[in-house]
Each structure stands twice: as C-alpha cells, then as structure tokens.
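The structure under discussion appears below in the form of structure tokens.
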2 protein chains.
Amino acid sequence: MATATRGAAPPVQERLLAAASRLFAERGFALTSVQEIVERAGVTKGAMYHYYASKDDLLQQIYTRLLDVQSARLEAIAGAGLPVRERLRAAAADVVVSTLENLDDAMVSWRSMHMLPQERLAQVRLERRRYHERFRALIEQGQDQGVLRTDVSADLATHQFFGGVHHLGSWYHADGELTPASIGETFADLLLRGLDPSG
Amino acid sequence: MATATRGAAPPVQERLLAAASRLFAERGFALTSVQEIVERAGVTKGAMYHYYASKDDLLQQIYTRLLDVQSARLEAIAGAGLPVRERLRAAAADVVVSTLENLDDAMVSWRSMHMLPQERLAQVRLERRRYHERFRALIEQGQDQGVLRTDVSADLATHQFFGGVHHLGSWYHADGELTPASIGETFADLLLRGLDPSG
DNA sequence: GCCACCATACCGACTGGTAGGTATGTCGGC
DNA sequence: GCCGACATACCTACCAGTCGGTATGGTGGC
C-alpha cells in the first residue's frame, strides 16, 4: 500500500502510467487490454497489479495526474498580483499549453473518463468541478470589477472555453505549424474579446 | 445491404438506433452490450443483425444521422441572403440548438467515435471535416469582407467554437434554467464578439 | 562475515464470465 | 411457395483479475 517511493521513484509505475496513457489515448480505454499496457511498459501483469489496483485505477491516476498539474498552475496564476483581466488571459493561455504538453493524458481524460465506475467517477468529477469553479471565479471577479461584460454568464463562458480546450486533442498535431503557446494566446484572446464590455 | 425501406420505414431500425444512442450516451459504447440494446428496443439480436452489419455500424449510423441533420441546417443558413455576420451568428446558434435537440447522438459522436475501426472512422472524419470547412468558410468570408478580424485564424476559431459545442453534453441538463436557444445565442455572441474587428 | 528471515518486486499460467457474431428455424404476406 | 423479417440457440475469442511462485536485497543476531 504505502510504498515508500523515497529518493528517486522507481520508473516502473511511471512507465506503466505512460504506456497506459498512450494506449488509452490512441485506442480508447475499453479497446486497450492490460496485456498491451504491460507489454508496452516492458513488464508483466503481475507488476501492474502490484502497483495499481485495477485497470480503472490506472485511468483515474492519469486523470488525477493531469488535473493536479493544471490546478497548481491555475492557482499560481489566479493568485498573482496582476489585474484580473491579465490573470484570466494568462490562465486561459496556460491551460491550453499544459493540455497540449500532456495531450495523451488530456485525451484520455475527456474521452474515457465516463468509463470509470460510479465512485471513482464521482471523485474525479468533484476535482474537475473545483477546477472549473476556480476559473469561473476569475471571470466573475472581472465582472464585479466592471472590466468584463456582465450580460454573459460566467459559467457559460467557462464551459464554452473549456470545451475548446478539451477539443484540442481531436485536431492538434505536434508537427503542425502552430505552437502550443500561439494557440493558447489565440484562445485566450478570443475569450477576452468575447467578454469585453461593449465600448 | 440495400434494404428497401420503401413507403413508411418500419420503426424497428429506428427503435434500435434510438436505444443504441441512448445507451451509448449513458454508459458509453464499450460498456453497452448488443443484448442490452435489443432488449431496450424490444427485439432480439436476430433483428438487429438483420438491419445492421455490426455494433460498429450502429455507432456510425448514429453519427451520420446527426451530421446529416446539422449539415443540411448549416447549408440552409450559410446559403441565405443575409450579411455574412448574421449568417455566421445564426449558424453558430443553430448548431448549438441542434446539438442539444439531439444530445444523445451528439454525446455518442464525440465520446465514442474513436472506437470505430479504421475504415469507418475515416469516412466519419471526412464528413466532419466537410462540415468544419463549411463553417470555417463563413468566417473566412467575413474576414475577406473586412467585417471580421483577420489576425485570428478562421480554422482556430472554428475549432475553438466547435469544442464548446461538443462539450455541451458534459454539463447541459434539460431540466435546468437555460434553454437551448439562449445557450445558442450566448455562444454565438461570444464567437462574434471574439471575432469583432478592433474598433 | 555469514546466515536465517522476511518484505518488496515482479513473473506468467490459468479461469470464469462475457459479449459479438452466426447458423438455422419459423412465420406471415404476396 | 418464396422471400423478407424476425427469433433462438450456439460458438468462440478475448480479457480482467487471480494466485502460486521466484528473485533480490536488507537486517539483525551471533
């Protein structure tokens, strides 16, 4: 249970997670067998079930890993001492970048999350809800300060924006011309402009 | 193959499609058995395999059915004799409405499409690409006419917007306060404002 | 400095159940 | 009496999870 991963964490767990993330992203959770995962990771099923409770567990770990990263980054940006519009812009651009930097995890998260059993799904939904609300609060703050238009629901705008983010995996190719940073800036700009108070 | 559905189409095919769409939307493609589908439709597997080649076939039909509806509506709106900004606004609002009117199909489409085998997936992707391009052309037209800003890629804006649309199924509830029409108007407004030329 | 003891890390054959698909039969209409 | 529209029984492949086992390295007693 409480495996002491002190010092340098042995790579087997991470190799398993990486393999699972890759395969889940490519073929989907249900069409990927545990056998394929362990073969890609260069171990056997015994090793996988030594570190993870189930196939579902792998999926949840992938999701949590991504969300932890993104939550921390959002928290850092949202808490900075900048005007709220700049914080929103930075947060919006950053979530695009971090999504593209962890695209396998991200694709798994939005495509296969619903395959988790009830309890695990509830946990995961709670974490995602918190993230959503943290972002939405930024918009609401801007609305309260009068620097963002108030005739659009902050909740709706947040949903719309994250929809665009979650959709990244279905068209982005790392070998294309667009860089994660440039996509992030464009997305953030579209959001900010959409929320500009009418002049 | 070429089943003659002359006259009034018997309802069995449709009942099967409806049952499949519902169950795929609820539990996902992989976690839904053919047995469950036919039970919900009130028939047996013999009937299903009489009308559909495979479980995959059902999935593809669901996708095609939705996209056909949306393509026709987009074509009608895009071809109307209105200023391009109004056509874009109407098209954007309408795709939200039609998505929410066919939410089961829509959820299946964006959650389970990747489970199709190569060939079917290629077909489906082609159809979706055409739809995407038709919408994008509206934005490009507005840019050419100088009524939409040109410093944002029409392709990126289209991806971002459709992301928001595809994401609808993960938060929308029919019993909430928001109506499909109001959501559509808000989404369209955010898109149009985001693409407004800077004044 | 050696050995008994044990925990951790991993291996891989096996199984029970499930689910997609098929082969064959039946029945009613034209 | 044929053909489309189903029903029923069955086959087979696959797969998550299990379980007994092995290897390795640390530890403490002497």
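Naming convention: chains lettered A, B, ... in sequence-line order (proteins, then strands); numbering from 1 in each chain. Bear in mind the structure is a predicted one, so any value in this text is a computation, not a measurement.
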Next on the checklist: Just the rounded figure in Å: distance from C1' of C:dA19 to CG of B:Asp56.
Outcome noted: 13 Å

Checklist entry - Under 4.0 Å between a Lys/Arg side-chain N and an Asp/Glu carboxylate O for B:Asp189 and A:Arg149? => result yes

Item to check | Test side chain to side chain contact (heavy atoms under 4.5 Å, CB included) applied to A:His167 and B:His167, step by step | outcome: CA-CA 8 Å; A:His167 201 235; B:His167 201 234; over 6 Å; no

Checklist outcome for this item: For residues 82-135 of chain B, the ring-ring contact (aromatic ring centres under 6.0 Å, His included) pairs (sequence neighbours left out) are B:Tyr131-B:Phe162, B:His132-B:His159, B:Phe135-B:Phe161, B:Phe135-B:Phe162

Checklist entry - Taking only side-chain nitrogens and oxygens of B:Tyr51, does any of them come within less than 4.0 Å of OP1 or OP2 of D:dC6? => result yes

Checklist entry - Which residues, if any, of residues 30-38 of chain B bring a heavy atom under 4.0 Å of DNA chain C? => result B:Thr32, B:Ser33, B:Val34

Checklist entry - For every nucleotide of nucleotides 23-30 of chain C, 5' to 3': is a protein heavy atom under 4.0 Å from its base (B), only from its sugar-phosphate (S), or from neither (-)? => result --------

Next on the checklist: Ignoring hydrogens, what is the shortest heavy-atom contact between B:Met115 and A:Leu31? Give both atom names and the distance.
Outcome noted: CE-CG, 3.3 Å

Checklist entry - What nucleotide among C:dG20, D:dG17, D:dT8 has an atom nearest to a side-chain atom of B:Thr44? => result D:dT8

Item to check | Salt bridge B:Glu185-B:Arg89, side-chain N to carboxylate O under 4.0 Å | outcome: no

Checklist entry - Looking at the side chain of B:Lys45, which of D:dA7, C:dG20, D:dG17 is the nearest nucleotide? => result C:dG20

Next on the checklist: It should be established whether A:Lys55 places a side-chain nitrogen or oxygen under 4.0 Å from OP1 or OP2 of nucleotide D:dA16.
Outcome noted: yes

Checklist outcome for this item: In short, ring-ring contact (aromatic ring centres under 6.0 Å, His included) pairs touching residues 21-41 of chain A with sequence neighbours left out are A:Phe24-A:Phe29

Checklist outcome for this item: To the nearest angstrom, the CE-C1' distance between A:Met48 and D:dT18 comes to 13 Å

Checklist outcome for this item: Rounded to whole Å, CD of B:Glu14 lies from P of D:dA5 at a distance of 14 Å

Checklist entry - With sequence neighbours excluded, what pairs up with A:Arg125 under the salt bridge (charged side-chain N to carboxylate O under 4.0 Å, His left out) test? => result none

Checklist entry - Which pairs, with at least one residue in residues 58-97 of chain B and sequence neighbours excluded, count as a ring-ring contact (aromatic ring centres under 6.0 Å, His included)? => result none

Checklist entry - Does D:dC6 have OP1 or OP2 sitting under 4.0 Å from an N or O in the side chain of B:His50? => result no

